[in-house]
There are 2 protein chains.
Amino acid sequence: MADTSGVPEPTLDEQIAAYQREFRDLDPQVEKIVSALGRLNRRMNVAYGRQTANLGISSADWEVLKALVLAGDPYRMGPSDLAKRLGLTPAAMTHRIDRMVTEGLVTRERDESNRVRVIVELTPEGRGKWLEAMRMATVFEEDLLQDLSPDERTVLGEVLTRLLRRVEHAQPDAGGRLSDLD
Amino acid sequence: MADTSGVPEPTLDEQIAAYQREFRDLDPQVEKIVSALGRLNRRMNVAYGRQTANLGISSADWEVLKALVLAGDPYRMGPSDLAKRLGLTPAAMTHRIDRMVTEGLVTRERDESNRVRVIVELTPEGRGKWLEAMRMATVFEEDLLQDLSPDERTVLGEVLTRLLRRVEHAQPDAGGRLSDLD
DNA sequence: TCTGAAGACTTAGAAGCTAAAGAGTACATA
DNA sequence: TATGTACTCTTTAGCTTCTAAGTCTTCAGA
């Protein structure tokens with residue numbers, strides 16, 4: 001584990017002030033919204049990560065569990081569909097499934113009706129881990145939002161989905177990957 | 001590059017509906033806010049990633065450039081301070097700096113007043129890349145938010161900083177790492 | 001001068017990814 | 001039936017980036 005003590009991250013306002021100092025054409029209000037979004041997400045992911053780590057599952061495991069649960073009962077997908085869904089190569093998916101099989105989270109077997117295909121299926125234990133992670137996550141989320149009034153929740157949800165629609169429309173398909181610009 | 005065609009991600013509403021089906025105790029409004037936050041952030045990061053990739057810098061490069069710029073003129077930090085700031089081990093920082101020196105983004109030299117220390121300094125080219133990345137990012141961000149009224153911007157900024165304060169208070173220091181639970 | 005602490009680097013190795021080659025299965029067509 | 005082709009998954013080789021542990025250099029204090 002890397003040492004993260006000392007050398008603290010600047011506060012949001014300090015960072016915005018520094019940006020304005022180093023970069024003239026900056027709307028501080030826009031930057032504050034965007035930076036807060038990035039930071040909020042980063043902190044939330046740290047919290048989720050701690051919770052799932054306590055369950056003994058990695059973020060890679062989590063992604064696969066989520067995809068299988070969203071597929072609905074009987075919680076099955078093929079490796080290449082999973083790979084496309086998660087943006088991995090089939091080779092990477094093979095290794096990931098190997099690990100998850102040994103962890104007891106999923107099973108892998110040939111499709112008897114078409115023996116070219118392979119079926120990855122959630123085990124009861126895998127589904128249990130997903131449910132437990134969701135339970136912890138929702139407790140955290142409720143707590144996070146508890147200071148927001150009903151009106152604020154409505155507005156926030158509406159505005160965020162509007163932004164999401166805009167960003168999805170602006171970029172039809174994916175490219176690189178990057179942590180928050182923040 | 002992994003194939004990401006076909007097998008589309010469910011829409012936000014489809015996903016919420018699936019979560020409700022699979023997990024009883026779920027406040028759909030809370031989940032919608034949280035999921036929209038996660039997705040929005042993910043899409044934004046993809047956009048940033050494309051932009052910086054066009055400049056020939058990686059997300060790792062970007063993090064270092066940002067830290068040095070935020071340090072202010074003369075844009076200097078020691079490797080271990082950078083490592084702590086970015087949550088890496090000093091060894092990883094050494095390699096990252098190696099790469100960035102060959103890319104001409106930073107210089108590395110011994111501190112003559114204390115020869116144990118090393119000083120990493122932003123080059124004019126590195127600063128130029130940061131400025132250019134910021135320029136592209138702000139254009140994208142202005143465009144993203146353009147449909148929001150002044151009132152909506154004010155409320156959004158205020159609510160997000162409130163949430164940020166809450167999440168920062170709730171978890172003083174970091175733990176694991178995870179992509180969006182979404 | 002000696003010694004311990006601290007900072008940066010080196011080495012060895014683990015994890016996870018990609019690209020490309022390989023193996024097995026299904027199916028269309030002769 | 002035989003065979004070529006396509007499809008799916010796995011294997012192999014190699015790359016990148018990280019951590020852990022050890023080394024080297026420098027500085028500060030006894």
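Side chains included, hydrogens not; waters and symmetry mates left out as well; all remaining heavy atoms used. Proteins get letters first, then strands, A, B, ... in listed order; numbering begins at 1 in each.
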Need to verify one output field. Residue with the more 5' nearest nucleotide on DNA chain C, A:Arg96 or A:Asn114?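 This one resolves to A:Arg96.
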Round to the nearest Å and state the distance from [X] atom [atom1] to [N] atom [atom2].
| X | N | atom1 | atom2 | answer |
| --- | --- | --- | --- | --- |
| B:Lys84 | C:dA8 | NZ | P | 9 Å |
| A:Leu86 | C:dG16 | CG | C1' | 14 Å |
| B:Arg117 | C:dC9 | CZ | C1' | 16 Å |
| A:Glu109 | C:dG24 | CD | P | 20 Å |
| A:Leu88 | C:dA15 | CG | P | 18 Å |
| B:Trp62 | D:dT17 | CH2 | C1' | 21 Å |

Polar atom pairs (N or O), protein with nucleotides 10-14 of chain D, under 3.5 Å:
{"from": "D:dT10", "atom 1": "OP1", "to": "A:Arg108", "atom 2": "NH1", "distance (Å)": "3.0"}
{"from": "D:dT10", "atom 1": "OP2", "to": "A:Thr94", "atom 2": "OG1", "distance (Å)": "2.9"}
{"from": "D:dT10", "atom 1": "OP2", "to": "A:Arg108", "atom 2": "NH1", "distance (Å)": "3.3"}

D:dT16 phosphate, OP1 or OP2, under 4.0 Å from B:Arg99 side-chain N/O:
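For B:Arg99, the contact criterion (side-chain N or O under 4.0 Å from OP1 or OP2 of D:dT16) is not met.
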Within less than 4.0 Å of OP1 or OP2 of D:dT25, is there a side-chain N or O belonging to B:Arg115?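 Checking D:dT25 against B:Arg115, no side-chain N or O comes under 4.0 Å of OP1 or OP2.
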Atom of [X], atom of [Y] and distance for their closest heavy-atom approach:
| X | Y | value |
| --- | --- | --- |
| A:Leu55 | A:Ala133 | CD1-N, 3.5 Å |
| B:Tyr19 | B:Leu26 | CB-CD2, 3.5 Å |
| A:Leu148 | A:Arg153 | O-NE, 3.2 Å |

Contacts of type side-chain hydrogen bond (donor to acceptor under 3.5 Å, both in side chains), residue B:Arg76, not counting sequence neighbours
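Listed in chain order: B:Glu121.
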### Task
Kindly point out which of D:dT26, D:dC18, C:dA8 is positioned nearest to the side chain of B:Ser80?
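Nearest listed nucleotide: C:dA8.
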_What verdict does the side-chain contact (heavy atoms from CB on, under 4.5 Å) test give for B:Arg135 and A:Phe23, after you've listed the backbone C-alpha separation in whole Å, the side-chain angles of each residue and the deciding distance to 0.1 Å?_
CA-CA 9 Å; B:Arg135 196 192 58 72; A:Phe23 184 80; 4.2 Å; yes
Atom pair CZ (A:Arg166) and NE2 (A:His169), whose distance is rounded to the nearest 0.5 Å
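It is 9.0 Å, given to the nearest 0.5 Å.
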